[in-house]
Student: 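A single structure is presented below for examination.
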2 protein chains.
Amino acid sequence: MKDGKTILSQWADDGQCDLTIDTSTDQALSSTLMRGLEILGLYSDTEDRLSNSEIARRLGLNRATVSRLCKTLVHMGYLRRDPKGLFRLAPQILSLAYPVLAATRWRHRLIPPMREIAEMSNGNVSLCVMSDDRFVQVQPVGDPASFPHIPEPGITGPLLRSASGRSLLALLEGQELNDKLAELRMRFPEDFDKYAEPTFAAIQRCREEGFCVAYGEWRPNIVALSTPLGQTEDGLYVALSCGLPRFRAREDVIENDLGPRMAEAANSIRMMGVFRAPSFAKQRA
Amino acid sequence: MKDGKTILSQWADDGQCDLTIDTSTDQALSSTLMRGLEILGLYSDTEDRLSNSEIARRLGLNRATVSRLCKTLVHMGYLRRDPKGLFRLAPQILSLAYPVLAATRWRHRLIPPMREIAEMSNGNVSLCVMSDDRFVQVQPVGDPASFPHIPEPGITGPLLRSASGRSLLALLEGQELNDKLAELRMRFPEDFDKYAEPTFAAIQRCREEGFCVAYGEWRPNIVALSTPLGQTEDGLYVALSCGLPRFRAREDVIENDLGPRMAEAANSIRMMGVFRAPSFAKQRA
DNA sequence: ACATGTGTTACGATATTTGAAACAAGAGGG
DNA sequence: CCCTCTTGTTTCAAATATCGTAACACATGT
């Protein structure tokens, strides 16, 4: 694809290289805090209770260390113990997320148009924001039946190998995009090698056609479309995505019907004035 | 109130006293981790960006220490920096809460009946669960207009001085209730002295009439009703609450109309089979 | 009974964290 | 403009808090 090459070469020209890669025992980072947070990060919808040993194994820590860290987390109210002594996340963990939810009230206004897309596509529609090197879903709409995951705020995924991530990247421009790509290359060198080109192509397509598609690159059985929306006044980049079970996804419908429709929906959503539209959208409008 | 006295004396008889109160520098707890989490806990809907110095001041820490801890939190993706260098919560913090949201899918089924109550009362209805020594709102329904807070999952409040907290306590029985009260007395001695009696009365009322009321004891301008629902299969205690701006709350309507209606709604919600009904509800049914 | 796995505590060694101080950078104010 | 005040970061040595070993109690299953 020459579309992909365009941005790829632009990026390659830049040629800025790796700086300090002293990722190891960075004495400027607090390892105890990191480990504690890593414990909280181990949980998922499928793994909702973990034993001390299990945590120690996964994180490569001593059981005694984990015992103390978990005791601290229980004391703080973010973990609780079930009858068997296993550790579970406590509901209080929601309180940490509350300020973020409270700051994204605009998402409620987008639910009606999202629902339209969900019904039209018979899929799952979600609103995603960029957070560092990941995208985070802040609002799902649709029926979770036959989906491999439970649609709720907080699902995250990689930027380089997901439709959502790529359309978010499409919102970055110039130096900002370069910096982000550099960061991604540094953090995930293998992913970057593998997915850089399709990512560039997707970015290009988002800018030209208003959407991009990923055929199971992140979740193997899900085909995803995504369209960049813009930037909120407090700096969050936002994209609108739609996921379909692969077996139900007809490529021609996606490419020629659903994709353009989502781009169209994104346009009318931008009319609401919540987002600062990206420059490429302004040009097309 | 003799209703209050009943439980109060029952509690007083018990006479179990304070154990080890070595709350200070507990060498079994990881202070670094606690401090890091305390930083994340500083944020709220009104305080959404904090400077290094501000954090240091609030937590009584050295600026250098805060700098390192925040750097770690940024590195982990849970904090981000705004253009002025202030620290904000990053959307990725939602990912920590996701497993809890995913584990409470039953709340979606309760939204329709909650909406009914919201429309009937012209107030704000919420679903709360007990988490340690607090209640946590997991699902709000209603119009946030003219409310002092933004209704989203994650709002938390005290057990002893809120209607939600008290109806949650009403779900505990026997030794479990005693243990919880003992914990609350230990952690919040002043609150316990002040609010023990109205709390006992509220628990009693929940068991007899199915609801309780708090007139601005937690949020001064809010009158709150709450009714205990039961316990989910994974052990969460759940209550249904309704908040009204004080100026709009007529006491007789609340006591004689709204309260009984909420108790009634709770009964029909229990029919859905999501909750293990509390024993007092079974008796009444 | 034994053997295995687990979770917790004690304790000494040590590596991590800490606070003071110094620095650079910015914001007013005169 | 200089000056002052505040801020955020870094350096560095001190020391404190953390870590891993070991030992324990407990459970489970053979």
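Just so it is clear: chains get the letters A, B, ... in the order the sequence lines come, proteins before strands, and each one is counted from 1. Just so you know, these numbers use all the heavy atoms, side chains as well, and skip hydrogens, waters and symmetry mates.
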Student: Where along residues 50-62 of chain B does a heavy atom fall under 4.0 Å from DNA chain D?
Tutor: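 DNA chain D contact set from residues 50-62 of chain B: B:S51, B:N52, B:S53, B:R57.
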Student: It should be established whether A:K71 places a side-chain nitrogen or oxygen under 4.0 Å from OP1 or OP2 of nucleotide C:dG7.
Tutor: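 No, because none of the side-chain N or O atoms of A:K71 sits under 4.0 Å from OP1 or OP2 of C:dG7.
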Student: Name the one of B:L96, B:V136, B:L101 that satisfies side chain to side chain contact (heavy atoms under 4.5 Å, CB included) with A:I93?
Tutor: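 It is B:L96; the other options fail the test.
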Student: A:I39 CD1 to C:dG7 C1': how many Å, rounded?
Tutor: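 Distance check: A:I39 CD1 to C:dG7 C1' gives 14 Å.
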Student: Relative to the 5' end of DNA chain C, which residue comes earlier, B:S31 or A:R63, by the nucleotide with the nearest heavy atom?
Tutor: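 Residue closer to the 5' terminus by nearest nucleotide: A:R63.
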Student: Nearest whole angstrom, please: distance from the C1' of D:dA17 to the CE of B:M34.
Tutor: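 Between C1' of D:dA17 and CE of B:M34: 14 Å.
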Student: Under 4.0 Å between a Lys/Arg side-chain N and an Asp/Glu carboxylate O for B:R57 and B:E54?
Tutor: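 Salt bridge flag = yes for B:E54 with B:R57.
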Student: Is it the case that A:R88 places NZ or CZ above or below the six-membered ring of A:Y43, under 6.0 angstrom from the centre and within 45 degrees of the axis?
Tutor: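 No - A:R88 does not lie over the ring of A:Y43 by the 6.0 Å and 45° rule.
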Student: Quantify the bending of the helix from C:dA1-D:dT30 to C:dG30-D:dC1 as the angle between its end axes, each fitted on five pairs, to 10°.
Tutor: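 About 40° separates the two local helix axes.
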Student: In terms of side-chain geometry, is the basic nitrogen of B:R49 or B:D82 positioned less than 4.0 Å from the acidic oxygen of its partner?
Tutor: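 So B:R49 pairs with B:D82 through a salt bridge.
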Student: Give the rounded distance in Å between these two atoms: CZ of A:F87 and P of C:dT6.
Tutor: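 Between P of C:dT6 and CZ of A:F87: 14 Å.
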Student: NZ of B:K84 versus P of C:dG26: gap in Å, rounded?
Tutor: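 Computing the B:K84:NZ to C:dG26:P distance gives 16 Å.
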Student: Would you mind reading off the distance between A:L29 atom CG and C:dT18 atom C1', rounded to a whole angstrom?
Tutor: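 About 16 Å, once rounded to whole Å.
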Student: Can you identify which nucleotide, out of C:dG19, C:dT8, D:dC19, has its nearest atom closest to the B:A64 side chain?
Tutor: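 Taking heavy atoms from C-beta onward, the closest nucleotide is C:dG19.
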Student: CG of B:L86 versus C1' of D:dT7: gap in Å, rounded?
Tutor: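 In whole Å, D:dT7 C1' lies 11 Å from B:L86 CG.
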Student: Does the side chain of A:Y195 come under 3.5 Å of the side chain of A:E190 through a donor N or O and an acceptor N or O?
Tutor: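 No, A:E190 and A:Y195 have no side-chain donor paired with an acceptor closer than 3.5 Å.
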Student: Can you measure B:R68 atom CZ to D:dT10 atom C1' for me and round it to whole angstrom units?
Tutor: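 Value for this atom pair: 10 Å.
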Student: Under 3.5 Å, is there a donor on one side chain and an acceptor on the other for A:H108 and B:E152?
Tutor: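 B:E152 and A:H108 do have a side-chain donor-acceptor pair below 3.5 Å.
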Student: Among the candidates D:dT10, C:dT9, D:dT18, find the nucleotide nearest to the side-chain atoms of B:S67.
Tutor: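 The nucleotide sitting nearest to the side chain is D:dT10.
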